[in-house]
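Input: a single structure, listed below in structure tokens.
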Amino acid sequence: MTTKNQAEEKTNSLNFIESIIENDIKNNKNEKRVHTRFPPEPNGYLHIGHAKSICLNFGLAKRFGGKCNLRFDDTNPTKEEVEYVDSIMEDVRWLGFEWDGDVHYASDYFDQLYLWAEKMILDGKAYVDDQTSEQIASQKGTPTVPGKESPFRNRTPKENLELFRKMRAGEYKDGEKILRAKIDMASSNMHMRDPIMYRIIHKEHHRTGNKWCIYPMYDFTHGQSDYIEGITHSVCTLEFEVHRPLYNWYLDQLIDTEYRPQQIEFARLNLSYTVMSKRKLLELVQNKYVSGWDDPRMPTVSGMRRRGYTPEAIRDFADRIGVAKRDNVIDVSLLEFCVREDLNKKADRLMAVIDPIKLVIENYPEGKMEMVSVENNPEDESRGSREMPFGKEIFIERSDFMEDAPNKFFRLTIGKEVRLKGAYIIKAERVIKDAEGKITEIQCTYDPESRSGSGSEASKRKVKATIHWVEASQAVPIVVRQYDRLFNHEDPGGQEDDFKNYLNKESLKTLTHCLAEPAIKNLKKQDRVQFQRQGYFCVDLDSSNETIIFNRTVTLKDDWAKLSSKND
RNA sequence: UGACCUAUGGUGUAAUGGUAACACAUCUGAUUUUGGUUCAGACGUUCAAGGUUCGAAUCCUUGUAGGUCAACCA
């Protein structure tokens, strides 16, 4: 019912970009074509904000029966690397999208772009400027004060062409000359004050090698690249809004077809308790605050993948947050909700004790061992069940026992009963402590008639709680990495002081004395499971045959934790 | 003291001149061999002031608040 309504709502209510496209189709714009593109610069790893953009662009194409390109915006060889190209392609595919045709590169269009630059020179729309970047900046004015024209602004087309060709031929050093568009130094839009089209960079490019020593700027590249690829709707984030007049201006100078790509801007994603800027993420990596771009605490696609998030959950998240033009901060709990919802259906249950305490069942026969049957996923019967060994000595979670328990504590305490999931009902009789008073062992009795699924009266008895456990002799040691939010401030990047001051020092706890049931050995790297009553975990890449390492993807919702922390 | 953009519950997003709704979060309760899941319910919203209109979140005016723009970055 709910899902049906949601599905209906989805088809009926459009976001503002979908409305524009629907309207364009109605008006036969571009022969009703819809062609989008995802245009990352290969200078860093993709993060959840890019995932929003990817879902948007590929989603738009899918919804309107169009196409979506992947295009690398690689116009600056000083920042870009193949490593990033590869990781971006992997991430896009992992998220579940396939681009139309081959991968595109802005650098594929360098020849055409160069020709267009010469055309603009010939048309008197562009000129070579000999000034330093400082001089040019000083003439630029401010948003409220108009700029001054360059002394080189009125060179003849012939002279400009000659100089530009020399720039290309490598006759000048970096920064010695640049090519500028001749627009309006008094424009209220700073981007229209004779923007730079080409600069000299003597650096090998990851695709074009040493063919070029001049490289086009973003503004002189993006719209034309869209045009060349037949893009109809060029979706980007809000900070490019002021670039739109320039985007259109270049196209006006260079083409006169009816077809024209249209730039549309939307608000980028902000997530609470993390940072999203490439610069800040890079800083975390370079200064080793995290283990790398794919550290499970990072909001990067590779980090989330390693953490155990699913592409389905991320796509669902992107759907739920919507698309609009106002600044937003999405509560990270929505992302966590999407992950739990997906994993609840998919992840098999397993028992693992993170902080074990020994429990001995006094009246259980010495040396006896039996197998009990446990369902793999109560949400999905088809996942079947498995056998778990049970015996006289087991381990349970230290937090599942309390000597002086408050009323609201439903778990094990002296004189009270709990059920061991899939096995028997036990009653705590006494504890053994060490010299410091720390409990080292809990001694219990069990009700032999209460075995799960035996059908006996005793097996149907209601007890306050059911807890997880592992049999001592066959327990498998595992390592668990408990991840928490990387920052302890909702908006670490928006504060006056350094965002690193808000790093959560407890964002990673590595626990090395955990124990799991034998079935844990069947898991492969990256497999996702639910550790009963605790959370979702996945097998980390660092695992070996000797040591299985688990990353905590997300905890289960925990009303008891909420309750007990409130009483503190 | 410029141009452009934005303003709906705690957080997001709908409502396209006609009953302000959906999700997350929060809080109750029921169910439960996971204090999970599921189910039922509660809480709480149109930045302000004028105007147009039978009727305004929506249109107009004027404010206010927030954001973006002054890289040979994208």
Side-chain angles (χ1 to χ4, degrees), chain A residues 2 5-6 9 12-15 19 39-41 43 73-76 78-80 106 129 132-133 136-137 140-147 174-175 177-180 187-191 193 196-201 215 217-219 221-222 236 238-245 265 267 272 278 320-338 340-341 344-345 349 351 374-375 378-379 408-411 418-423 425 452-453 459-468 490 530-535 555-564:
Chain A
T2 318
N5 285 344
Q6 278 172 351
E9 211 173 291
N12 293 338
S13 115
L14 305 177
N15 66 46
S19 300
E41 182 188 14
N43 70 340
D73 227 328
D74 55 351
T75 58
N76 186 352
T78 63
K79 292 188 173 177
E80 295 146 9
D129 198 327
T132 64
S133 61
I136 290 170
K140 193 131 199 192
T142 70
T144 52
V145 179
D174 287 10
K177 288 192 166 34
I178 54 157
L179 184 71
R180 288 228 260 174
S187 171
S188 58
N189 184 337
M190 299 293 288
H191 297 280
R193 322 243 264 224
I196 291 166
M197 291 166 59
Y198 268 91
R199 74 288 212 194
I200 300 168
I201 302 174
Y215 292 91
M217 299 287 289
Y218 165 85
D219 286 303
T221 306
H222 205 89
C236 63
L238 239 32
E239 64 269 29
F240 290 98
E241 207 153 20
V242 281
H243 292 244
R244 192 177 353 126
E265 310 86 11
S272 62
K278 276 188 192 172
R320 286 170 185 266
I321 59 177
V323 178
K325 290 189 76 162
R326 63 171 146 162
D327 291 341
N328 60 82
V329 182
I330 309 284
D331 198 326
V332 70
S333 64
L334 179 62
L335 215 208
E336 293 172 345
F337 167 83
C338 294
R340 285 191 192 104
E341 187 173 64
N344 180 45
K345 291 174 297 188
R349 275 57 169 169
M351 292 202 214
V374 192
E375 62 199 335
E379 303 297 314
K408 296 270 189 181
F409 186 81
F410 302 153
R411 282 109 94 148
V418 295
R419 172 171 292 281
L420 297 172
K421 172 85 181 171
I425 293 173
S452 285
S459 74
K460 292 173 187 161
R461 280 168 51 211
K462 300 281 175 206
V463 289
K464 268 286 199 196
T466 299
I467 64 172
H468 61 277
E490 239 186 68
Q530 182 196 104
F531 286 162
Q532 200 97 39
R533 300 207 303 135
Q534 307 196 81
T555 61
L556 253 31
K557 275 172 69 179
D558 189 348
D559 282 346
W560 166 245
K562 242 184 240 175
L563 227 181
S564 48

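Quantities reported herein were computed from a predicted structural model and do not represent experimental measurements. Chain letters run A, B, ... following the sequence lines, proteins first and then strands; every chain starts at 1. In what follows, every heavy atom counts, from backbone to side chain, and hydrogens, waters and symmetry copies are set aside.
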All ring-ring contact (aromatic ring centres under 6.0 Å, His included) counterparts of His243(A), not counting sequence neighbours: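 Listed in chain order: His191(A), Phe240(A).
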What does [X] touch in the nucleic acid at a heavy-atom separation under 4.0 angstrom: a base, only the sugar-phosphate, or nothing?
X	answer
Thr132(A)	base
Phe240(A)	base
Ser19(A)	base
Val323(A)	sugar-phosphate
Ser333(A)	sugar-phosphate

Could I get a table of every N or O pair under 3.5 Å where one atom is in the protein and the other is in nucleotides 40-42 of chain B?
none

Got a list of protein N/O to nucleotides 10-12 of chain B N/O distances below 3.5 Å?
{"from": "U11(B)", "atom 1": "O3'", "to": "Val329(A)", "atom 2": "O", "distance (Å)": "3.1"}
{"from": "U11(B)", "atom 1": "O2'", "to": "Val329(A)", "atom 2": "O", "distance (Å)": "2.8"}
{"from": "G12(B)", "atom 1": "OP1", "to": "Val329(A)", "atom 2": "N", "distance (Å)": "2.8"}
{"from": "G12(B)", "atom 1": "O5'", "to": "Val329(A)", "atom 2": "O", "distance (Å)": "3.3"}
{"from": "G12(B)", "atom 1": "O2'", "to": "Ile321(A)", "atom 2": "O", "distance (Å)": "3.1"}

Whole-Å gap separating [atom2] ([N]) and [atom1] ([X]):
X	N	atom1	atom2	value
Lys325(A)	A14(B)	NZ	P	13 Å
Asn15(A)	U6(B)	CG	P	15 Å
Glu265(A)	A74(B)	CD	C1'	15 Å
Leu238(A)	U68(B)	CG	P	10 Å

Let me have RNA chain B in dot-bracket notation, would you? Count Watson-Crick plus G-U wobble pairs, both distances under 3.5 Å, and use [ ] for pairs crossing earlier ones and | for inter-strand partners. .((((((..((((....[..)))).(((((.......)))))....(((((..]....))))))))))).....
Does the side chain of Asn189(A) come under 3.5 Å of the side chain of Ser187(A) through a donor N or O and an acceptor N or O?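 Per modelled atom types, Asn189(A) and Ser187(A) side chains form no pair under 3.5 Å.
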Do Thr466(A) and Arg533(A) get their side chains close enough for a donor-acceptor pair, meaning under 3.5 Å? no
Could you say whether Glu341(A) or Phe337(A) is positioned toward the 5' end of RNA chain B, judged by the nucleotide with the nearest heavy atom to each? Phe337(A)
One thing to verify: whether Lys79(A) and Glu41(A) come together as a salt bridge, which I'm taking to mean a side-chain N less than 4.0 angstrom from a carboxylate O.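 Lys79(A) and Glu41(A): not salt-bridged.
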Which letter, B, S or -, goes with each nucleotide of nucleotides 26-36 of chain B from 5' to 3', with contact meaning a protein heavy atom under 4.0 Å? SS-----BBBB
Distances for protein N/O vs nucleotides 69-71 of chain B N/O pairs under 3.5 angstrom?
{"from": "C69(B)", "atom 1": "O2'", "to": "His191(A)", "atom 2": "NE2", "distance (Å)": "3.2"}

Using every non-hydrogen atom in the two residues, find where Asp129(A) and Arg180(A) come nearest and quote the distance to one decimal.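 In this case the closest contact between Asp129(A) and Arg180(A) is OD2-NH2, 3.1 Å.
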For residues Met351(A) and Leu420(A), determine if any side-chain heavy atom of one lies less than 4.5 Å from a side-chain heavy atom of the other.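 Sidechains of Leu420(A) and Met351(A): no contact.
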Rounding to the closest angstrom, what is the interatomic distance between C59(B) and C39(B) at atom P?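 Roughly 38 Å separates the two P atoms.
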